[in-house]
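Reviewing the structure listed below.
Atoms within a ligand are numbered from 1 in the order they appear, just like the ligands themselves. When a residue number appears, it is its place in the shown sequence, counting from 1.
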Amino acid sequence: MTDKLIIFDTTLRDGEQSPGASMTRDEKLRIARQLERLKVDVIEAGFAASSNGDFECVQAIANVIKDSTICSLSRANDRDIARAAEALKGAASGRIHTFIATSPLHMEKKLRMTPDEVFEQARLAVRFARNQMGNVEFSAEDGYRSEIDFLARVCEAVINEGATTINIPDTVGYAIPELYGQFLKTLREKVPNSDKAVWSVHCHNDLGMAVANSLAGVKIGGARQIECTINGLGERAGNCSLEEIVMAVKTRRDYFGLDVGIDTSQIVPASRMVSQTTGFVVQPNKAVVGANAFAHASGIHQDGVLKARDTYEIMRAEDVGWSANKIVLGKLSGRNAFKQRLQELGVVLESEGEIMAAFAKFKELADRKSEIFDEDILALVSDESVTAEKEQYGFVSLSQHSETGEMPHAQIVFTVDGREVRGESDGNGPVDASLKAIESHVKSGAEMVLYSVNAISGSTESQGEVTVRLQNSGRVVNGVGADPDIVVASAKAYLSALNKLHSKADRVAAQG
Ligand code: KIV
Ligand code: ZN
């Protein structure tokens, strides 16, 4: 058995299934590049058969990422698998990940199939996938709630058909660490050819135990692949968090005895990128990547850390990519320095026009804000007005008046398909007035289900980053906007959410 633990990142597939976390192709590419810098072993880039958009994302990522294996999810049918294989054609190293549910509940109520039918479909799907590609993962969806002897039969059959990785998900986050670890151990003992495949864990966090369950799957169950997401992003309570898994295995190597290939200094940049792109804010006390994860507030702790770091610190902040906020660019920086910083941050703007638009925004920001940090640059390029020509709505200008005792009033100018329009409105506060001014023209009928403001780099001089989540006709989207003026940031976020709401997505849900 190898002593390497394979890190399989599914931020772009399972993470993206989180309502409101959907990303554009360019955003996914940027995150994929960061995952490559992080030295993730496998990147699950999407679910190619679910929509043309997802197919194009998987294809684009497969074409540019060379150091990580690129994987596409597919249901256990020939059409999905062929689509995944097609999207992965350009990959230096590709993997087809096919799945079918094996628990009595899912087979009977969701699939309406008998166990024998599921067994046969799993076997044939893996056979078909192996004819397309040498690297095939099979997942037994809701595996942990499956009947163990049936699951063992399925695993044995798909390994005989050539599956190289077997993944046993705790799809609904029901497991308890010791029980999950034992389940996997017993399962592997029941599968005669278990040594012919790498065993993998995939845990959801509904009871807050995804990381603990995954680690038990490794320690007790003998798994050598963990499926996880940056910041634990994912549906409901999310997936197992990559940063926690990696730092647990590294910090407690004495206990786990396993190596991970991750470049941990890229963890915090990856966390920030995913948070800024999706608008899912990281809680301050989140392990490893939360703003307070290395902050010692009490006098006793501070005193101890000053005398000897290891009195209260088990990891070093710099090892996971925390750095003192450094000024990276200023108003005198030229276009080349800006371009180079974008490259270092993994941002690829495809056309000269996009680079020019981003640089113009950078100059405009540098005029208003003396210190520009990496976070500002990332916020600036995730602001969709950089690529405004592709979007339906674009921000132009805003003026608003508010005074104690008076009703705030806002006037906004924005573009609709390139044409300038104006809107104005009163509101409860300046933000409310500005968003109502947009709605006075757009009349989207969308319901706002989340509004949050975050300071990008910590002080009142920082840019405000606003996340707006809108819901309409069953679709939930997030818009993110950044600006030193939080009312403007709010308007940008609102327009960005409207752009996503109006883009047609025809996705098929992976969970059936
Ligand atoms: O949670 C789950 O079961 C999954 C599978 C599709 C791998 O995400
Ligand atoms: Zn999942």
Side-chain angles (χ1 to χ4, degrees), residues 6-19 21-22 42-51 54 58 69-77 80-81 83-84 95-107 109-111 118 121-122 125-126 129 135-146 151 154-155 158 163-175 180 183-184 187 197-211 213-214 217 223 225-242 245 507-512:
I6 298 167
I7 300 296
F8 175 116
D9 180 279
T10 183
T11 306
L12 300 177
R13 197 278 299 170
D14 218 349
E16 207 223 10
Q17 275 174 221
S18 178
S22 63
V42 185
I43 299 174
E44 188 160 54
F47 177 10
S50 75
S51 70
D54 243 34
V58 176
T69 295
I70 304 302
C71 169
S72 171
L73 186 69
S74 66
R75 285 165 301 190
N77 64 59
D80 268 30
I81 294 168
R83 228 26 211 152
R95 173 184 295 187
I96 295 174
H97 177 190
T98 187
F99 77 98
I100 191 163
T102 52
S103 67
L105 190 63
H106 277 229
M107 289 191 291
K109 301 276 191 266
K110 187 183 80 169
L111 299 176
V118 167
Q121 190 161 327
V126 170
N135 189 343
V136 172
E137 172 167 337
F138 172 77
S139 279
E141 192 191 4
D142 207 19
Y144 178 62
R145 292 195 300 173
S146 302
L151 184 57
V154 173
C155 293
V158 295
T164 41
T165 302
I166 302 292
N167 182 39
I168 307 297
D170 175 25
T171 303
V172 291
Y174 181 69
Y180 182 66
F183 183 82
L184 200 63
L187 177 65
V198 173
W199 291 77
S200 166
V201 289
H202 175 117
C203 297
H204 282 263
N205 202 33
D206 297 66
L207 294 174
M209 289 188 279
V211 169
N213 288 335
S214 303
Q225 172 176 285
I226 295 190
E227 303 197 353
C228 47
T229 60
I230 303 289
N231 299 337
L233 189 69
E235 262 182 307
R236 308 186 308 276
N239 286 62
C240 169
S241 114
L242 179 145
I245 281 292
R507 304 202 56 191
V508 174
Q511 311 287 327

Next on the checklist: Among the N/O/S atoms of Asp14, which is closest to the Zn ion (ligand 2)? Give the atom name.
Outcome noted: OD2
Item to check | Heavy-atom pair of closest approach, residues Ile166 and Cys155 | outcome: CG2-SG, 3.8 Å
Checklist entry - Does Asn167, backbone or side chain, put an N or O under 3.5 Å from an N or O of ligand 1? => result no
Item to check | Which of the ligand 1 atoms, numbered from 1, are nearer than 4.0 Å to a heavy atom of Pro169 | outcome: 2 (C), 3 (O)
Item to check | N or O contact, Glu141 vs ligand 1, cut-off under 3.5 Å | outcome: no
Checklist outcome for this item: Closest heavy-atom pair, Arg75 versus Ile81, reported as atoms and distance to 0.1 Å, is O-CG1, 3.8 Å
Checklist entry - Do any nitrogen or oxygen atoms of Asp142 lie less than 3.5 angstrom from nitrogen or oxygen atoms of ligand 1? => result no
Item to check | Atom of Asn213, atom of Ala175 and distance for their closest heavy-atom approach | outcome: ND2-O, 3.2 Å
Checklist outcome for this item: Quick note on ligand 1: atoms under 4.0 Å from a heavy atom of Asp14 include exactly 8 (O)
Checklist entry - Are Ser103 and Asp142 close enough that a side-chain donor and a side-chain acceptor fall under 3.5 Å? => result yes
Checklist entry - Using heavy atoms and a threshold below 4.0 Å, how should the contact between Thr171 and ligand 1 be classified: side chain, backbone, both, or neither? => result both
Item to check | Region of Arg13 that comes within reach of ligand 1 [heavy atoms, distance under 4.0 Å] | outcome: side chain
Next on the checklist: Whether the Ser74 and Asp80 side chains hold a donor-acceptor pair (N or O, under 3.5 Å, no angle test) is what I'd like checked.
Outcome noted: no
Checklist outcome for this item: One finds that the ligand 1 atoms under 4.0 Å from a non-hydrogen atom of Ser139 are 7 (C)
Checklist entry - Out of Ser72, Ser200, Ser139, which one pairs with His97 under the side chain to side chain donor-acceptor pair (under 3.5 Å) rule? => result Ser139
Checklist outcome for this item: Taking only non-hydrogen atoms of His204 and a 4.0 Å limit, the atoms of ligand 1 in range are 1 (O)
Item to check | Residues Glu227 and Arg13 bridged, charged N to O under 4.0 Å | outcome: no
Checklist entry - Which of these, Asp9, Thr10, Thr11, Asn205, sits in a side-chain contact (heavy atoms from CB on, under 4.5 Å) with Asn239? => result Thr10
Item to check | Shortest reach to atom 4 (C) of ligand 1 by a heavy atom, considering only His202, Arg75, Glu227 | outcome: His202
